Chemist: 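Just passing along the structure, written as structure tokens.
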There are 2 protein chains.
Amino acid sequence: MESQELRKVGLKVTHPRMRILDILERASPRHVTAEDIYRQLIEHDEDIGLATVYRVLTQFEAAGLVLKHNFEGGQAVFELDRGHHHDHMVDLDSGKVIEFTSEEIERLQHEIAERHGYVIEEHSLVLYVRRKRGAAS
Amino acid sequence: MESQELRKVGLKVTHPRMRILDILERASPRHVTAEDIYRQLIEHDEDIGLATVYRVLTQFEAAGLVLKHNFEGGQAVFELDRGHHHDHMVDLDSGKVIEFTSEEIERLQHEIAERHGYVIEEHSLVLYVRRKRGAAS
DNA sequence: ATGGGTGCAAAGTGTTTGCAACCGT
DNA sequence: ACGGTTGCAAACACTTTGCACCCAT
């Protein structure tokens, strides 16, 4: 039950938070902007303001429920944190976001930070790509 | 001579563009925001508007003279493109930007994109780091 | 009941743009 | 002289905030 997830992270169980969490869980594609969520709320005749969407997303991020990414293009995108760290590829033509992981890149990153006397707090790796000519979909 | 660099990329040699290019060349740290540049212009009693700084930086980017990065924190940072591709580490405490390169990470990135049927158009790898406890400066 | 949560509108930030004057060629 | 370039102010897009009311506990 979603209300448990909210309580678990110390957030009061309110209607806006439940609805937004619900949308994030069902979201496909998984990466959505605040406006995307707001639009869906409107479609479902929910009377929730855009400001609330931003506030709730910020709280969810602080609570570790969602991840926020700043890809190119101004709008931040959010996704539910499912616990499996991954990086992103953004298809420049379709806007589609593809997730990927690479143990090896992770390892190299830590090695590099270490070499400079640093510890990685967080990182952001985004590949902006285009379909290869002749590649199948 | 800087005026040559401008002509080479097809930009009219104007006072604002010369001054901004000059600041970028002398900049240390090399990564500066539009405001940083604007501030320096003001200090040197130059009568150049912030809008012009943005316009010129955009043109420089399009001309391949500068690179623009969107690190966390809203403000975009610019650096003169010296031709040597590199990625960035941002010290979360000092704001300092450290450059690094990793042939291996580059290779892995292309391998991953390839595996998904894509070609990398550009990419962004930023490590947000903190000094390791006890690490020398 | 009480303190956090919410909607709305207004304020903020960083960046872009319209326009008349200006300057490099 | 011409057309690109500039400064200024206003417009923009996205996000945050102040405030009076509302609702979960």
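Chain letters run A, B, ... following the sequence lines, proteins first, then strands; residues in each count from 1. Note that the coordinates shown come from a computational prediction; the quantities given were computed from them, not determined experimentally.
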Chemist: Less than 6.0 angstrom from the centroid, inside 45 degrees of the normal: does B:R131 satisfy that with respect to the ring of A:Y118?
Modeler: yes

Chemist: Considering just the side-chain nitrogens and oxygens of B:R55, establish if one lies under 4.0 Å of OP1 or OP2 belonging to C:dT16.
Modeler: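 Answer no for this pair, as no side-chain N or O of B:R55 is under 4.0 Å from OP1 or OP2.
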
Chemist: C:dT15 phosphate, OP1 or OP2: any side-chain N/O from B:Y54 under 4.0 angstrom?
Modeler: yes

Chemist: Can you tell me which nucleotide in D:dT6, C:dT6, D:dT16 comes closest to the side chain of B:T52?
Modeler: D:dT6

Chemist: How many whole angstroms separate atom CG of B:L50 from atom P of D:dA11?
Modeler: 18 Å

Chemist: In whole Å, I'd like the distance from the CZ atom of A:F78 to the C1' atom of D:dC14.
Modeler: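 Interatomic distance, CZ of A:F78 to C1' of D:dC14: 11 Å.
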
Chemist: On the nucleotide D:dT6, are OP1 or OP2 found under 4.0 Å from the side-chain N or O atoms that B:T14 carries?
Modeler: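 Yes.
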
Chemist: When the distance from CD of A:Q75 to C1' of C:dT15 is rounded to whole Å, what number comes out?
Modeler: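 Going from CD in A:Q75 over to C1' in C:dT15 covers 15 Å.
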
Chemist: Is it the case that over 12 heavy atoms from other parts of the model lie below 6.0 angstrom from the CD atom of B:E103?
Modeler: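 Open: at most 12 neighbouring heavy atoms sit under 6.0 Å from CD of B:E103.
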
Chemist: For A:A34, which contact category applies under a 4.0 Å heavy-atom criterion: base, sugar-phosphate, or nothing?
Modeler: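 Answer is nothing: A:A34 stays at 4.0 Å or more from every strand.
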
Chemist: Give the rounded distance in Å between these two atoms: CG of B:L6 and P of D:dT5.
Modeler: 11 Å

Chemist: Out of D:dT16, D:dA24, C:dT16, which has the shortest distance to the side chain of A:V13?
Modeler: D:dA24

Chemist: For B:A76 and for A:H15, find the nucleotide of DNA chain C with the closest heavy atom, then tell me which residue's nucleotide is more 5'.
Modeler: A:H15

Chemist: Regarding A:H84 and A:H86, do their side chains bring together a donor and an acceptor under 3.5 Å, going by distance alone?
Modeler: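 No donor-acceptor contact under 3.5 Å links the two side chains.
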
Chemist: Which listed nucleotide (C:dT16, D:dT6, C:dT6) is nearest to the side chain of A:P16?
Modeler: C:dT6

Chemist: Nearest whole Å is fine: how far is D:dC12 P from A:E35 CD?
Modeler: 16 Å

Chemist: B:K12 NZ to D:dC2 P: how many Å, rounded?
Modeler: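 Spelled out: NZ on B:K12 to P on D:dC2 is 13 Å.
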
Chemist: Return the value, rounded to whole Å, for the distance between atom CG of A:N70 and atom C1' of D:dT15.
Modeler: 11 Å

Chemist: Taking all non-hydrogen atoms of both residues into account, name the closest pair between A:R17 and A:F60 and its distance.
Modeler: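 Reported closest heavy-atom pair: O-CZ, 3.7 Å.
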
Chemist: Starting from C1' on D:dC22, measure out to CD1 on A:I48 and report it in whole angstrom.
Modeler: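 Checked: the CD1 to C1' distance equals 14 Å.
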
Chemist: Examine A:F78 and A:M18 and state if one hydrophobic cluster contains both, with Ile, Leu, Val, Met, Phe, Trp and Tyr joined whenever side-chain heavy atoms are less than 4.5 Å apart.
Modeler: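 In one cluster with A:F78: A:M18, yes.
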
Chemist: Under 4.0 Å from OP1 or OP2 of D:dT25: is there any side-chain N or O of A:R7 that close?
Modeler: yes

